[in-house]
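Order of appearance sets the numbers: ligands from 1, and atoms from 1 within every ligand.
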Amino acid sequence: MINIALPKGRLGEKAYAIFEEAGFECPSIHEESRKLIFENEEKGVRYFWVKPSDVVIYVERGAADIGIAGKDIILEYSPDIYELLDLGMGKCRMAVAAKKDFCDRRDRTLRVATKFPNIARDYYNKQSREIDIIKLNGSIELAPILDLSDVIVDIVETGKTLYENDLEPKEDIVQISARLVANKVSHKFKNERINEICAGLDRILTERKSK
Ligand code: PRP
């Protein structure tokens, strides 16, 4: 049995559709219920829905053999796992944003509000920039508006949230997309099955691209 951690939400559902198309379906997953685990014994797959930022924890500790995680989460937590495939979905970017009229003064410590303190720290360390990280858990866009921070480091997908809050992207940090990840021990001992799934997903993605 291969245990697969999927991120709850739209990205997870889109990712599951690829598993299904590749022949690793689990029909009970479509039934309306609050169940979190779904199994197809015949196909040897067991799926479970977890909070998107928790996928890498399940995979790193081996509770899941493989999973679908955003590159943002992988960069932030640096889990000891393998990244096998870029699914090319859930595309967005990590960016620095601020009020339109924000004028950076490099002689001052920059106050950075973010859900991604490690990504932000890495980015500014490389510029030898002194920063003060303000770790928030959501609605990051509020921070510069209320003068809690000078800038934010956050996910930008359409840019709508920034725009509607009178902020604008100032610098791009990194492109983000969903990745197939694997536990290192599982990758060794369930290699054939994991490779089979990875190749199946890759095939569907290639077919979709050529359509
Ligand atoms: C994410 C991100 C931005 C928004 C960007 O928020 O933190 O707020 O999406 O998307 P957009 O560029 O398409 O507007 P999320 O929905 O995860 O909520 P939260 O961070 O406020 O919890």
If you scan the protein for heavy atoms around [atom], do you find one that is closer than 4.0 Å?
atom	result
atom 1 (C) of ligand 1	no
atom 11 (P) of ligand 1	yes
atom 15 (P) of ligand 1	no

Charged N-O contact under 4.0 Å between Arg129 and Asp104: yes
Cation-pi, Tyr82 ring and Lys184 (6.0 angstrom, 45 degrees): yes
What protein heavy atom sits nearest [atom], and how far away is it?
atom	result
atom 7 (O) of ligand 1	Asp154 OD2, 2.7 Å
atom 4 (C) of ligand 1	Thr161 OG1, 3.7 Å
atom 3 (C) of ligand 1	Glu141 OE2, 3.2 Å
atom 21 (O) of ligand 1	Ser139 N, 2.9 Å

Lys115: heavy atom below 4.0 Å from ligand 1, yes or no?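 Checking ligand 1 against Lys115, which is what was asked, there is a heavy-atom contact under 4.0 Å.
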Would Ile155 count as a contact of ligand 1 if the rule is a heavy atom under 4.0 Å away?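 In this structure, Ile155 qualifies as a contact of ligand 1 - some heavy atom is under 4.0 Å.
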For Ile194, the option from Asn183, Ile2, Leu180 that meets side-chain contact (heavy atoms from CB on, under 4.5 Å):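 That would be Ile2.
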For residues [X] and [Y], is any side-chain donor paired with an opposing acceptor at under 3.5 Å?
X	Y	result
His30	Glu13	no
Glu168	Tyr163	no
Thr109	Asp132	no

Rounded to the nearest 0.5 Å, how far does CG of Leu205 lie from NZ of Lys209?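 Those atoms lie 7.0 Å apart.
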In ligand 1, the atoms that come under 4.0 Å of a heavy atom of Lys160 are 12 (O), 14 (O)
Atoms in ligand 1 with a heavy atom of Val156 nearer than 4.0 Å: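 By the 4.0 Å cutoff, the relevant atoms are 12 (O).
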Establish, yes or no, whether a centroid distance under 6.0 Å links the rings of Tyr47 and Tyr16.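 Yes, ring centres under 6.0 Å apart.
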Tell me which part of Thr158 gets within contact of ligand 1: side chain, backbone, both or neither, using heavy atoms under 4.0 Å.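 The answer is both, backbone and side chain.
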Quick check: does Gly138 get an N/O under 3.5 Å from an N/O on ligand 1?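 N/O-N/O distance below 3.5 Å does not exist for this pair.
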Is there a side-chain contact between Pro7 and Val50, using heavy atoms and a 4.5 Å cut-off?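 Of all side-chain heavy-atom pairs linking Val50 with Pro7, none is under 4.5 Å.
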